[in-house]
Amino acid sequence: MSTSTASLGLPMVYLVDDEDVVREALAWLLRSRRLLSEGFSSAEAFEALLDEQTSPGRPHWPSAPSCLLLDVRMPGTSGLALFERLAERGLLQTLPVIFLTGHGDVPTAVSSVKRGAFDFVEKPFSDNALVDRVEQALASSAEAIQRRRAKERVERALAELTERENEVMRLVIEGRPNKLIADALGISVRTVEVHRARVFEKMEVKSAVELANLLRENGVG
Amino acid sequence: MSFLPAPAPPADTRRPRRLRRALPWVALVALLLVAQALLVMLSVNYEAARAQERVEQVATETAIEVKRDLSQHVQRLQALLWNDTTPEQWRADAARLLPQHHELLRLERRTPQLQIVAAVDTPYRLPLFAQMPRASQEAGAEVACAAARRSAMPSFSRSYHVPQPDGPGLEVMDVCIPMRPAAHDAAYLVASFALNTVLETVAAAEQARAHELSFVEGDGTRLARAGAPHGAGVYHAARLVDLPGAALQLRVDSAEGRPRLIPNLTTALVLGLSLALYAVVVLLLRDVRKRASAEAALAEALSFRKAMEDSLITGLRARDLEGRITYVNPAFCAMVGYSADELMQPDPPPYWPADAMEEARQRQAPRDEPHAAREGIETVFVRKNGERFPVMIFEAPLVDGAGVQVGWMGAVLDISAQRRVEELSRQQQDRLQATARLATMGEMASLVSHELNQPLAAIASYASGSMNMLLQPDDDTLPLVRQAMTRIAEQAERAGRVIKSVHDFVRRREHSREAIGADQLVDAVLPLVRLQARKSGTRIEVDVPRPAPQVVCDRTMLEQVLLNLTRNGIQAMDPATPLAERVLTLRLRREGERRVRFEVSDAGPGIAPDVAEHLFTPFFTTRSEGMGLGLSLCRTVIEQHGGALDFESRGPDAGGGTTFRFTLPIQQTVAAATTP
């Protein structure tokens, strides 16, 4: 596990399976590999958590690396239906889904992988291999969360820029020299230089190239 | 009489035909009429001719007779002249002569100058010239005497009428006979005849009755008459009686009238005969008509039957008692592909398969029992192109009009299409059954695996987790591992319960067991077995004692076992075994007091040792479409019934053949009595 993910908080594995025994045994197994887990006996119970965590005003969830072990065949809302809802909410990157399938569910599981599930594991599973996949999913989750955070940071910085600074920044990214920017905006070269320094400071970059990369990587600007 | 209502021909064509048919009969009747009319006419004419002939004859005879009579009189008178020469003497002789001859009315003795010397009148009448003087009638005598003198022969005068006081008068004729040598006072003898008396004398009684005889003048005036009072005027004849110096016209008129039609015997005969002929013709006509209509009906029936035979799709075949074919219909020819001529000759028939000749012969042989015919026999024929096809034959004795059996009449049905459909539906059914079985099995397996997966997954998780912990033990490890072990034990037990419930499900079927005769089990599967065997041409032989002991069993399961074993046997022989040797035997034997043994033997190539090793292993199969569960399931079923399944295979070297056998315990009689 990389050092950067450690800063995100403890990884969490969510277990959704109607079989108490299976849930319990999986939790026990994960614990033996020092992973935290939380069990839910049905898709509805997990959705209640989701609704609570993603209610307006709350910070983006999950904030720690997470992964969902989801049984395909369950009474009530099936694992597949729950998967569809997660996809709608755009949570598949930060909360990778690993399907647990019984006999005969393999084709549906495969098709769900094609639609964005992280993996599927057939029961009875090779346990440590399953945990290995869980850790890979957690790492993937951590990366997604970090990407999300970086993007949030850039957006916050952009929000702090004044209108004039924003205009100057657009022209800087386009690679125009200060003289031309001054001409374009009808201000003095001196003023442009002040704005430019303020932009670099606020965006925590040292050069125009770095600024352009930052904006491009986070898909803003 | 007719088999079908004859289609009425259009009226305009029917009429000329009827007319044409009636024409000969009309002609015949017309000819008969003409012939008969001719016959009648001819016979009437003949009658008439006969009558005429008779009249002619009478006339001739009478004429001759008159002439003879008159010439006799002349001779007699001449004799009178020679006897005496004196007038007294003459007078006496004449008086003696006259009464003897009625015809003679008067005799005169005359001088050469024709002066009457003496005259004698007949005593039967008044004197001839009482009413009229002799002198007024002298002309005739004078002419006659002149002629007599010239010819020195007697000569007759023309006749003349002498009125009489007592009647209408007499027609009289004189004859003058010259005397020679002439007497001194007389030179001529003149005699007067009454013509009617002459006629009466000469005409025989018979002739006189039937004919009117008369002397007539040239113009038809009647001078004298005799015989029948009145002639009919139909048949008459005239003869000239030639006398010296004069001629008399004799006329004979028959009293017989024109021949009448009816009373005439000949006509009656002809009429009767022709009536009989008519009757015969009418009878003949009716007979001909009846015969023609019967013929038409027969022809119609025959063509109907022919059309029926030709249009039938059932093949018809007649054979004599030696088995030679005597008749085939077109459908049969089309079926086997041989022409009728090709089929008539040979023995054995060309459509018998070469490898089943003996069987076919045997089949013909025991046809003596009467009931065998009705059921129909199934066999295989070969077409001309070599194709084999199954047929169904129904045969019945062919009995001729005298009630003697002359052969066999058979209806032959080509059932290959039917077979194909049956085969197809059977295959489909097999496939369906297999699919259903697979689906059921899949469902079952899915259920069971789901039930087993949960505890197994838990067990695996606990075990792996424990292993993980034991790699890096710390203080918490021991209680945690203990907890895990408890869970593992629990889940193992749960898995065991799942297995047991499956087992219980299987055992529940034991409740459906019933007591049944072992032979009934065999009988129940036999139709299906035959169906399976038909495709490959396998013969099924059944060797089952009856009644067979009873067994308690799940009937459906055991039937399935028997079906499985027979199907294996049939498939083992096709195509490895030659057709003639493909025999599957179902045998039932009692084994000791308590068991009964079922055997299914085939004549296949046997089972190879490496195959035999895995024979009862589940999911082992030598067939591409097999599931490999058959024999292992069979063994399980038999073992559940308290029996044992094994097999014996001789292998290809020892002649081949495999026998599968299983035993079942016999239902004891006490139990059997309580089982319904």
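Letters A, B, ... are given to chains in the order of the sequence lines, protein chains preceding strands, and every chain is numbered from 1. Computed over heavy atoms, backbone and side chain alike; hydrogens, waters and symmetry mates excluded.
- Neither the backbone nor the side chain of T477(B) comes within less than 4.5 Å of any heavy atom of chain A.
- Among L70(A), V72(A), D71(A), the single residue meeting the side-chain contact (heavy atoms from CB on, under 4.5 Å) criterion with T101(A) is V72(A).
- With a 4.5 angstrom heavy-atom cutoff, R23(A) does not touch chain B via any of its atoms.
- For a residue to count as touching a neighbouring chain, one of its non-hydrogen atoms must lie under 4.5 Å from one of that chain's; by this rule L480(B) touches chain A with backbone and side chain alike.
- The heavy-atom pair separating L584(B) from T538(B) by the smallest distance is N-CG2, 4.0 Å.
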**Message:** Please evaluate residues E493(B) and R497(B) with respect to the criterion salt bridge (Lys or Arg N to Asp or Glu O under 4.0 Å), reporting the C-alpha separation (whole Å), side-chain torsions for both, the decisive distance (0.1 Å), and the verdict.
**Reply:** CA-CA 6 Å; E493(B) 194 191 326; R497(B) 275 202 305 277; 3.6 Å; yes
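- Here the rule is side-chain hydrogen bond (donor to acceptor under 3.5 Å, both in side chains) with T77(A), and of E84(A), E47(A), E44(A) only E44(A) fits it.
- Neither the backbone nor the side chain of E490(B) comes within contact range of chain A; no heavy atoms are under 4.5 Å apart.
- Taking A484(B), A463(B), G465(B) one by one and counting their heavy-atom pairs under 4.5 Å with chain A, the maximum is reached by G465(B).
- Judged by distance alone, the side chains of R133(A) and Q136(A) do bring a donor and an acceptor atom under 3.5 Å apart.
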